[in-house]
Amino acid sequence: MKFSSVLMSAAAIGMAAVGINAQQNQPACSSIYTRKEILSLTSSEWNLVKSILAAMQRDGWFRWFAYLHNQWFGSIHGNSQFFPFHRRFVYEWERVGKMYNSGYIQPYWDEMRDYRVPASSPVLTSNWVGGNGRSGDRCVVNGVQANWMMTYPNNHCFSRNFGNNGNPSSWYSPETIQNFIQRDTTMTQFRPDIEYTLHGVVHINIGGDMYQGYSPNDWIFMLHHANLDRLWWQWQQNGHLWTMDGPNAGGGSISLDSSMPYFNEPVRSVMQLGYGNMCFQYASNPISRRSLDPDMDQRLAAALPKDVLAEWFPETAKTEIANITDNIVNSVNSAIAEVSEIINSKPFNPIPYPARLTESWIKMHGFDTAEVRKVENQSRKLIDILNKAKYRSPY
Ligand SMILES: *[C@@H]1O[C@H](CO)[C@@H](O)[C@H](O)[C@H]1NC(C)=O
Ligand SMILES: *[C@@H]1O[C@H](CO)[C@@H](O)[C@H](O)[C@H]1NC(C)=O
Ligand SMILES: [Cu+2]
């Protein structure tokens with residue numbers, strides 16, 4: 001069985017390669033660099049990033065990117081340009097960083113890891129990007145952008161204003177993100193599932209500059225969008241490499257040949273990491289990556305009835321782990337004892353409901369409120385199912 005599944009994977013790869021050649025009109029990269037999770041940077045890597053960010057601020061690049069994002073705001077949100085545009089945009093930032101020092105590589109923030117209590121993330125401390133703005137004027141006085149003055153859209157101190165009175169409500173769990181990655185089959189589903197959940201909640205709950213159309217004033221913007229881009233790439237690798245459908249900016253349907261706002265380059269040109277200018281990959285990280293997270297698979301498979309598992313986590317349901325767990329449920333053996341010991345060693349800690357998007361932020365984007373609430377409600381339904389099943393999250 002092992003051998004035949006190896007053969008099957010080889011066949012699948014061969015078929016995918018044909019598809020790639022048919023869609024790809026750009027050369028493969030001769031070398032590929034790796035975007036890492038911010039907390040895994042070495043101190044010399046982080047020092048390099050810090051010095052480049054300071055130089056970019058001095059030379060007006062924060063202002064330029066905040067301006068660009070704000071200027072094109074209506075075209076790059078609420079439609080299928082969301083992922084391609086922001087991939088290209090973060091790449092542009094990284095490209096400018098590399099003009100200062102070729103060692104600049106845009107890190108990402110694995111925000112889902114911090115979903116329960118975002119304010120206690122190590123990322124939001126003085127060692128890294130700093131925390132909430134101080135009371136009163138909301139100016140940020142610690143971290144990599146401490147005491148910066150921003151100039152777009154006017155002169156103001158760099159600010160954050162954490163939601164829920166400084167203690168931001170929960171974000172979205174790895175399980176919820178995993179559900180999107182496994183279940184969604186079209187960009188028409190995947191884009192709102194991410195844009196109206198994790199994407200919005202982080203912007204809103206960091207607040208201050210991050211709340212606004214000029215959110216690139218906060219370097220968290222780049223960490224956040226690099227992470228969302230990584231999630232898109234995981235979905236793409238899950239059988240949706242070239243999937244692009246749904247509304248385009250300004251009406252009509254998007255296609256791989258649609259032009260990205262501002263950049264005037266085809267969507268096709270950013271679809272495949274490792275080709276054209278997209279010469280990067282993401283460091284392996286277990287969170288939200290099914291193939292590297294057998295622990296989550298095992299816990300999901302143990303907690304949920306098979307039909308429920310297949311509905312919400314179709315990929316997990318197909319794994320050997322799901323089969324083993326299923327068999328074990330009906331028969332006693334030493335393996336199940338081990339499995340349940342692992343699963344039960346963590347006390348049951350229900351997954352909290354994530355914050356909803358605020359009306360003002362929905363309006364600012366021109367989102368359809370009912371669409372947003374539908375996505376939020378669907379995510380809460382999954383949380384209800386998991387909590388009712390006493391699912392114990394490893395996170
Ligand atoms: C799991 O079981 C199903 C049938 O119940 C089968 O189709 C599938 O191939 C099995 N998966 C693995 C990885 O063994
Ligand atoms: C979402 O859920 C809330 C309360 O749980 C409900 O009032 C609202 O009508 C729902 N909205 C949609 C669009 O499903
Ligand atoms: Cu944006």
Side-chain angles (χ1 to χ4, degrees), residues 61-94 106 108-109 111 150 152-153 169-170 172 176 187 189-232 246-250 254 260-263 267 270 350-385 387-388:
W61 287 110
F62 275 83
R63 175 186 169 82
W64 174 245
F65 279 79
Y67 159 80
L68 274 188
H69 188 263
N70 194 58
Q71 201 67 12
W72 293 92
F73 195 76
S75 307
I76 57 179
H77 302 107
N79 67 64
S80 295
Q81 289 281 358
F82 176 74
F83 280 112
F85 175 88
H86 286 86
R87 175 172 286 171
R88 183 63 183 82
F89 190 71
V90 173
Y91 168 72
E92 188 67 10
W93 176 267
E94 187 176 58
Q106 182 57 49
Y108 64 89
W109 174 13
E111 311 154 304
M150 312 314 290
Y152 187 84
S169 315
S170 305
Y172 284 82
T176 300
M187 183 51 87
Q189 297 169 291
F190 188 67
R191 192 270 309 163
D193 275 352
I194 298 287
E195 189 178 14
Y196 301 161
T197 62
L198 183 66
H199 167 251
V201 160
V202 172
H203 273 286
I204 290 171
N205 281 279
I206 295 295
D209 281 74
M210 267 295 270
Y211 196 95
Q212 307 295 336
Y214 46 88
S215 45
N217 274 341
D218 191 335
W219 187 62
I220 284 183
F221 176 98
M222 297 297 163
L223 293 174
H224 179 40
H225 274 279
N227 186 48
L228 301 175
D229 188 62
R230 182 177 71 102
L231 299 179
W232 179 30
N248 194 9
I254 201 166
M260 288 182 285
Y262 172 68
F263 294 107
V267 164
V270 299
I351 296 176
Y353 277 162
R356 290 187 184 276
L357 303 193
T358 59
E359 282 294 340
S360 76
W361 204 78
I362 292 173
K363 276 215 178 67
M364 177 177 132
H365 286 77
F367 295 155
D368 179 343
T369 306
E371 280 302 305
V372 172
R373 301 302 175 216
K374 210 173 86 188
V375 168
E376 289 173 346
N377 286 2
Q378 181 80 353
S379 302
R380 289 179 176 215
K381 194 172 151 195
L382 172 61
I383 292 170
D384 288 344
I385 289 171
N387 288 342
K388 212 170 185 181

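Numbering of ligands and ligand atoms starts at 1, following listing order.
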query: Under the ring-ring contact (aromatic ring centres under 6.0 Å, His included) criterion, do F89 and H69 qualify, and how do the steps go?
result: CA-CA 9 Å; F89 190 71; H69 188 263; 5.8 Å; yes
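For E195 (side chain) and H77 (main-chain N/O), no donor-acceptor pair under 3.5 Å exists by modelled atom type. When atom types are taken as modelled, the side chain of H224 and the backbone of H199 share a donor-acceptor pair closer than 3.5 angstrom. A donor-acceptor distance shorter than 3.5 angstrom exists from the side chain of W361 to the backbone of Y211, with no hydrogens or angles considered. Between the side chain of Q106 and the backbone N or O of Y91, no donor-acceptor pair lies under 3.5 Å.
Residue-and-atom listing of protein N/O/S atoms under 2.8 Å from the Cu ion (ligand 3), sorted by chain and number: H69 NE2, H77 NE2, H86 NE2.
Of the residues F83, Y196, W232, the one that meets the ring pair (Phe, Tyr, Trp, His ring centres under 6.0 Å) test with F190 is F83.
The aromatic ring centroids of F263 and F85 lie less than 6.0 Å from each other.
Which parts of ligand 2 touch A370 is read off a 4.0 Å heavy-atom cut-off, strictly below it: atoms 13 (C).
At the top of the distance list for atom 3 (C) of ligand 2, counting protein heavy atoms only, stands N377 ND2, 3.7 Å. In terms of protein heavy-atom proximity, atom 4 (C) of ligand 2 is nearest to R356 NH2, 4.2 Å.
To the nearest 0.5 angstrom, F221 atom CZ is 11.5 Å from F62 atom CZ.
Using a 4.0 Å threshold on non-hydrogen atoms, atom 14 (O) of ligand 2 counts as touching the protein.
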